[in-house]
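Right, one structure below, let's go through it.
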Amino acid sequence: IVPHTATLRDQSWTVRVAAADPYGYGDEAPASVVIGNAPPTCAPAAILPPVADTTTSFTCLCPVRADIHHDDPVHDTCIFYDDDQVVATVDGENGACVLGAHQTTRGMSIRCELFPTDATESGESASTSAVLVDNSLPTVPPVGLSPTQGTVWDAFTCDLMAPSIDADED
């Protein structure tokens with residue numbers, strides 16, 4: 001038995017076997033194998049942040065990644081879902097895939113399926129739990145008082161200087 005620690009990807013190993021009896025050896029029978037790639041694994045995948053609204057971008061990543069070929073580049077791919085509907089397929093960068101806030105709407109249930117991939121192949125996918133996209137609160141509008149100074153006998157008026165902005169338009 002040859003342990004995996006004694007092999008490297010793309011090596012060619014050959015064994016030769018010959019039957020023998022007390023009077024000698026028979027002809028050899030060779031068998032060869034080329035050591036292939038061991039795909040990376042990810043268990044489990046994670047989606048961040050755990051609480052979100054329509055102004056939030058989601059990041060899908062693999063916090064516990066295993067790849068016997070430590071020098072292989074990471075080329076993960078993620079599929080983001082709203083329930084079972086595909087929202088986007090994203091190629092990862094620096095070990096993470098990002099779904100932009102502009103791709104979400106209030107009420108979505110976002111989850112991610114991450115495919116850990118090295119320079120050669122993909123391992124088994126890992127899925128995250130879902131995060132609900134909540135309501136985005138409107139921004140605080142700028143307001144002013146007029147007059148800007150007064151006494152207890154003066155009436156004051158609150159002026160709306162600009163409207164607030166509601167990212168999910170409700």
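This chain uses plain numbering: 1 for the first residue, then up along the sequence.
For E28, the CD atom is densely surrounded, since the number of other residues' heavy atoms within 6.0 Å is greater than 12. A 6.0 Å sphere centred on CD of E93 holds no more than 12 heavy atoms belonging to other residues, nucleotides or ligands. Around the CG atom of D84, the shell of radius 6.0 Å holds no more than 12 heavy atoms that belong to other residues, nucleotides or ligands. Other residues, nucleotides and ligands contribute more than 12 heavy atoms inside 6.0 Å of the CG atom of D154. Taking a 6.0 Å sphere around CG of D21, one finds it holds more than 12 heavy atoms contributed by other residues, nucleotides or ligands.
Note that the OG1 atom of T104 and the CG atom of D134 stand 11.0 Å from one another [nearest 0.5 Å]. Separating the CG atom in D159 from the CG atom in L145 is a distance of 7.5 Å, to the nearest 0.5 Å. Here the OG1 atom belonging to T89 is positioned 7.5 Å from the OH atom belonging to Y81, to the nearest 0.5 angstrom. Atom-to-atom distance recorded for H102:NE2 and T54:OG1 is 13.0 Å, nearest 0.5 angstrom. Note that the CG atom of N37 and the CZ atom of R9 stand 4.5 Å from one another [nearest 0.5 Å]. With rounding to the nearest 0.5 angstrom, the CG atom of D91 is 9.0 Å from the OG1 atom of T117.
At distances below 3.5 Å, not a single donor-acceptor pair connects side-chain atoms of S125 with backbone N or O atoms of L114. With D82 contributing its side chain and I110 its backbone, the two residues share no donor-acceptor pair below 3.5 Å. Using modelled atom types, no side-chain atom of T128 and backbone atom of A45 make a donor-acceptor pair closer than 3.5 Å.
Closest non-hydrogen pair, F58 versus P49, comes out as CE2-O, 4.1 Å. In terms of heavy-atom proximity, E113 sits nearest to S127 at CG-OG, 3.8 Å. The two residues S57 and A101 have their closest heavy-atom pair at OG-N, 3.3 Å. Heavy-atom minimum distance, A88 versus Q103: CB-NE2, 3.6 Å. Closest non-hydrogen pair, E124 versus P116, comes out as O-CD, 3.3 Å. The shortest heavy-atom contact between P3 and I1 is CD-O, 3.7 Å.
Residues F115 and L99 do not share a hydrophobic cluster, clusters being chains of Ile/Leu/Val/Met/Phe/Trp/Tyr side chains in contact below 4.5 Å. Hydrophobic clustering (side-chain heavy atoms under 4.5 Å, transitive across Ile, Leu, Val, Met, Phe, Trp, Tyr) keeps V133 apart from V51. Hydrophobic clustering keeps L61 apart from I79 (ILVMFWY residues linked when any side-chain heavy atoms are closer than 4.5 Å, directly or through intermediates). Cluster membership for V131 and V90, using ILVMFWY side-chain heavy atoms within less than 4.5 angstrom, is shared.
Applying side-chain contact (heavy atoms from CB on, under 4.5 Å) to P40 and the options D72, D76, V74, D118 leaves one that passes, D118. Just one of V33, V15, T7, I35 meets the side-chain contact (heavy atoms from CB on, under 4.5 Å) condition when paired with V2; it is T7.
Two residues are said to be in side-chain contact when any heavy atoms from C-beta on lie closer than 4.5 Å; P147 and F156 meet this criterion. Side-chain contact between D10 and L8 is absent, with no heavy-atom pair separated by less than 4.5 Å.
Taken together, the cysteine pair C78 and C112 keeps its SG atoms at least 2.5 Å away from each other.
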